Amino acid sequence: MKKIAACIGGGVIGGGWVARFLLHGWDVNVFDPAPDAQRKISEVLNNARRSLPALADVAMPEEGKLVFCDSLELAVSDAQWIQESVPERLDLKHKILGQIQSHCSDNAIIGSSTSGFKPSELQEHSTNPGQIMVAHPFNPVYLVPLVELVPSVKCPAQSVEKAQSILTAIGMKALVVRKEIDAHIADRLLEAVWREGLWLIKDDIATTEEIDDAIRFGFGLRWAQMGLFETYRIAGGEAGMAHFIGQFGPALAWPWTKLMDVPKLTDELVQKIADQSDRQSGKHSIRELERIRDDNLVGIMRVQKDANWGVGEMLREHDQRLTELVPQIDSAPDLSQPLTMYQGKVLPAWIDYNGHMNESNYLQVMSIATDNFMTFIGADGAYVESGKSYFTVETHICHIDEVKLNKPLEVKTQLIGHSEKKMHLFHSLYQPETGVLLATGEHMLLHVDLEAGKTCNAEKPINSKLATIFSHHYSLEKPKGLGRSIGC
Ligand SMILES: NC(=O)c1ccc[n+]([C@@H]2O[C@H](COP(=O)([O-])OP(=O)(O)OC[C@H]3O[C@@H](n4cnc5c(N)ncnc54)[C@H](O)[C@@H]3O)[C@@H](O)[C@H]2O)c1
């Protein structure tokens with residue numbers, strides 16, 4: 001079934017939702033009466049297209065179809081997920097949610113982006129209140145994974161689970177808030193910091209820039225990867241969290257803070273903040289700042305991906321899900337030809353400063369082709385689990401033509417030779433649309449007993465599959481470059 005999302009309101013947040021769904025293959029219907037909504041959404045989409053795929057080490061699904069609808073009714077009627085992102089006014093949200101519910105399917109999930117209202121407040125006046133829940137995202141929605149999913153007691157558990165699994169499938173971390181509260185979890189924390197920042201400016205203690213420096217050169221770096229409590233656990237040293245609270249907890253009651261009060265936002269204070277902000281950041285346009293922010297976010301998240309930590313662990317799991325969406329290799333290919341063992345495209349994360357694919361990613365593509373070949377002959381995950389596998393002992397890669405961003409790639413694999421303990425593969429990497437040969441990879445693999453750490457004979461079914469393939473491949477023309485060492 002085609003997956004269709006409706007985004008009602010396409011501003012800063014609605015536009016981000018459009019991008020997140022669209023780039024995960026959903027068709028998206030948008031309704032926003034603002035005359036410049038299409039232009040703004042296109043600009044958000046451009047930012048999303050250059051940054052979101054850079055988080056993935058596998059191909060994203062084909063982008064869905066974007067439709068700007070003339071009416072809310074048209075947008076929601078066949079949608080499975082409806083995301084309300086209109087301005088933060090309860091009367092407006094009630095009106096829009098009422099209109100949505102008169103025209104949408106009873107099975108659709110309605111998420112509201114509200115930063116502050118509780119789901120039970122949004123559900124007032126609704127005849128089907130359990131269909132509405134808060135799905136509060138963070139800007140930029142297409143990159144930052146967190147979404148606070150806040151149900152009220154009227155939301156059935158299976159709707160919450162369904163919502164969670166849809167959000168997970170579009171690469172988000174759905175944090176289910178166990179008890180509704182104004183402003184959910186994250187904005188309560190952010191508002192506490194923001195309130196204190198406003199006081200510091202009002203009292204001439206610090207400028208906007210100095211406050212931002214205190215965050216980005218300091219605790220902001222820690223928060224991005226360990227949050228508040230894990231960071232403080234370490235700050236307690238070997239004595240741990242209880243010691244930390246014993247040492248610093250009493251300070252919370254000292255008169256350091258004005259956290260409970262909000263400075264009056266007089267015209268003078270607002271102008272002071274705006275002027276300081278202009279001096280701090282006015283040299284960049286908002287779109288430039290967005291791109292700088294997006295590149296930094298991608299970098300911060302990719303570092304954690306390498307470490308398989310925090311948000312990075314989630315990104316790895318998401319790659320696994322995305323892989324399952326991509327068509328798998330043919331399980332019964334024509335053996336009389338080299339076998340198609342990889343189909344994909346050049347990912348943004350693979351591009352170097354010259355706009356070409358990094359050297360390491362040639363090897364990555366070749367090794368995916370080798371893994372697929374191993375699966376094809378039966379040396380699959382279960383075989384490895386059983387304690388046997390193949391190890392690559394020698395590789396020669398030849399770079400033949402330019403490989404550029406987003407270009408489709410295809411690897412054809414020829415079995416050059418095999419024995420009970422060895423297999424010799426030759427991969428040819430093509431641009432499938434033009435048939436241009438881009439690179440070749442020649443690989444020798446030994447069959448090993450993983451526990452003993454020694455070579456051993458492959459299991460019989462694997463050897464006989466290799467023999468069948470080789471009975472076809474031995475008469476194929478030997479690929480150009482076979483057996484080549486570094487040439488001049
Ligand atoms: N900006 C943030 O950082 C942020 C973060 C998380 C959640 N939110 C929440 O997201 C929601 C939207 O905030 P935003 O920042 O995107 O605001 P925004 O002003 O950028 O966008 C609101 C959009 O709603 C459209 N709109 C107004 N009336 C409409 C109607 N009747 N039908 C359809 N569209 C209509 C407007 O034309 C506008 O494009 C709010 O509830 C806000 O609390 C905002």
Side-chain angles (χ1 to χ4, degrees), residues 5-21 28-45 47-48 66-77 79 81-104 110-125 132-150 163 167 170 172-175 177 180-191 193-194 197 277 286-287 289-290 293-294 297:
C7 291
I8 308 305
V12 173
I13 291 303
W17 277 109
V18 170
R20 171 127 341 236
F21 274 109
V28 180
N29 298 332
V30 185
F31 174 67
D32 188 321
D36 57 353
Q38 288 204 27
R39 176 188 59 79
K40 284 191 180 160
I41 289 172
S42 313
E43 288 180 16
V44 174
L45 256 176
N47 278 352
L66 176 60
V67 179
F68 290 93
C69 299
D70 292 333
S71 72
L72 181 146
E73 176 185 350
L74 274 179
V76 303
S77 57
W81 185 286
I82 298 152
Q83 186 68 27
E84 169 278 305
S85 310
V86 301
E88 188 77 346
R89 283 183 9 231
L90 192 55
D91 61 330
L92 178 62
K93 301 244 182 220
H94 281 156
K95 187 176 126 206
I96 297 290
L97 289 168
Q99 288 174 3
I100 292 173
Q101 287 200 301
S102 341
H103 298 294
C104 75
I110 304 175
S112 168
S113 298
T114 179
S115 306
F117 299 120
K118 296 191 288 260
S120 58
E121 289 173 297
L122 300 173
Q123 291 166 351
E124 287 162 6
H125 319 305
I132 301 170
M133 56 189 92
V134 169
H136 174 239
F138 293 80
N139 195 29
V141 182
Y142 51 82
L143 268 190
V144 177
L146 183 65
V147 55
E148 292 174 312
L149 193 58
V150 198
L167 293 167
I170 57 169
M172 301 188 93
K173 161 86 178 174
L175 180 67
V177 178
E180 61 172 4
I181 182 171
D182 296 309
H184 331 308
I185 299 173
D187 277 356
R188 296 186 75 86
L189 298 170
L190 282 177
E191 287 212 359
V193 175
W194 192 36
S277 173
I286 292 295
R287 294 290 170 227
L289 283 173
E290 283 174 347
R293 173 202 62 192
D294 289 359
L297 285 172

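On a predicted model such as this, the values are computed, not experimentally measured, just so you know. For ligands, and for the atoms within them, numbers begin at 1 and follow the listed sequence.
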Polar pairs, ligand 1 vs protein, N/O only, below 3.5 Å.
| unit_1 | atom_1 | unit_2 | atom_2 | d |
| --- | --- | --- | --- | --- |
| ligand 1 | 8 (N) | Ser115 | OG | 3.2 |
| ligand 1 | 16 (O) | Val12 | N | 3.3 |
| ligand 1 | 16 (O) | Ile13 | N | 2.9 |
| ligand 1 | 20 (O) | Val12 | N | 3.0 |
| ligand 1 | 37 (O) | Asp32 | OD1 | 2.7 |
| ligand 1 | 37 (O) | Asp32 | OD2 | 3.4 |
| ligand 1 | 39 (O) | Asp32 | OD2 | 2.6 |
| ligand 1 | 41 (O) | Val86 | O | 3.4 |
| ligand 1 | 41 (O) | Glu88 | OE1 | 2.5 |
| ligand 1 | 41 (O) | Lys93 | NZ | 2.6 |
| ligand 1 | 43 (O) | Glu88 | OE1 | 2.9 |
| ligand 1 | 43 (O) | Ser115 | N | 3.2 |
| ligand 1 | 43 (O) | Ser115 | OG | 2.7 |

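- Phe117 is linked by a ring pair (Phe, Tyr, Trp, His ring centres under 6.0 Å) to nothing, counting only residues two or more places apart in sequence or in another chain.
- Residues Ala75 and Asn29 come closest through the heavy atom pair O-ND2, 3.1 Å.
- Counting heavy-atom neighbours within 6.0 Å of Asp70 CG, excluding the residue itself, gives a total of 12 or less.
- Ion pair Glu290/Arg287 flagged as a salt bridge, since at least one NZ, NE, NH1 or NH2 atom sits closer than 4.0 Å to an Asp/Glu carboxylate oxygen.
- A donor-acceptor pair under 3.5 Å is formed between the side chain of Glu148 and the backbone N or O of Ile185.
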Checklist line | Residue pair Arg293, Asn139: steps toward the side-chain contact (heavy atoms from CB on, under 4.5 Å) verdict | finding: CA-CA 10 Å; Arg293 173 202 62 192; Asn139 195 29; 3.8 Å; yes
